[in-house]
Amino acid sequence: AQKITQTQPGMFVQEKEAVTLDCTYDTSDQSYGLFWYKQPSSGEMIFLIYQGSYDEQNATEGRYSLNFQKARKSANLVISASQLGDSAMYFCAMRELHTSGTYKYIFGTGTRLKVLA
Amino acid sequence: KAGVTQTPRYLIKTRGQQVTLSCSPISGHRSVSWYQQTPGQGLQFLFEYFSETQRNKGNFPGRFSGRQFSNSRSEMNVSTLELGDSALYLCASSLDGLAPSGEQYFGPGTRLTVT
């Protein structure tokens, strides 16, 4: 079963507008972490934002915020005031406890965002 | 602080050959994970090393192996290359990977093409 689901393969947004990238997850753990990464065409994965399962407030990092709805198991990324440089692939990831007793990352399939001038 | 470095950045190999990829984590980071990224399968976890020991392993055949050295640098090896091994191989480091909040920092990747 898919543990991280990103239902939007591609998105367009006008420069300076806000955009929401969807992510839902599935876990039976109580303690887990949710992350968003950005992958430009160069290939490098860039860490954007983190939300812990016990965090009561939504995480924010500059123009990025994470809309965390625990009951719905969703962790959407909101990018405010989009810039041309935001055009990239965005991955949602979850870090959950593995059977080895350590944590393991699981990534979604990604959403390709294109910012239009 | 220097980021994660991976060498080489690009590699072309022939079917049946073997290849070794290298990753140097951020200074002080002890956990190194490897991922394979392909258009069809997305980002798939290969394995994680911590303090020279493999701590986690994904669902890849035994042709894929790795190791970590005492300075936390890691190598992964793929033997008997197949066309399907063509992919971007990403290495990621984190402090110790023992908490859900342990974000990983990725290197630029090695793009492997098997012909």
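So that the names make sense, note that chain A is the first sequence line, chain B the second, and so on, each numbered from 1.
- Under the 4.5 Å side-chain contact rule for hydrophobic residues, B/Leu90 and B/Phe47 do not share a cluster.
- Within a 6.0 Å radius of CZ in B/Arg73, other residues, nucleotides and ligands contribute more than 12 heavy atoms.
- Looking only at heavy-atom pairs under 4.5 Å with chain A, the residue among B/Gly58, B/Gly109, B/Ser33, B/Pro108 that has the most is B/Pro108.
- Under a hydrophobic-cluster definition in which Ile, Leu, Val, Met, Phe, Trp and Tyr are linked whenever side-chain heavy atoms come within less than 4.5 Å, directly or via other members, B/Val19 and B/Tyr10 are assigned to different clusters.
- Once rounded to the nearest 0.5 Å, the distance linking CD of B/Glu103 with CZ of A/Phe47 reads 4.5 Å.
- Neither the backbone nor the side chain of B/Gln41 comes within contact range of chain A; no heavy atom of the residue lies under 4.5 Å from a heavy atom of that chain.
- A single hydrophobic cluster is not seen to contain both B/Tyr105 and B/Leu46; linkage of ILVMFWY side chains at heavy-atom distances under 4.5 Å, directly or through other members, places them apart.
- Counted within 6.0 Å of NZ on A/Lys114, heavy atoms from surrounding residues, nucleotides or ligands total 12 or fewer; the atom is thus considered open.
- If you chain together hydrophobic residues whose side chains sit under 4.5 Å apart, B/Phe60 and B/Leu112 fall into the same group.
- Of all residues in residues 36-46 of chain A, those placing a non-hydrogen atom less than 4.5 angstrom from a non-hydrogen atom of chain B are A/Tyr37, A/Gln39, A/Ser42, A/Gly43, A/Glu44, A/Met45.
- The hydrophobic cluster containing B/Ile26 does not contain B/Val32, counting ILVMFWY residues as joined when their side-chain heavy atoms lie under 4.5 angstrom apart, directly or transitively.
- Distance check, rounded to the nearest 0.5 Å: CZ of A/Phe107 to OH of B/Tyr35 gives 4.5 Å.
- Applying the 6.0 Å contact sphere to CG of A/Leu116 captures more than 12 heavy atoms from other residues, nucleotides or ligands.
- Taking every heavy atom of both residues into account, B/Gln104 and A/Arg95 meet most closely at NE2-NH1, 4.2 Å.
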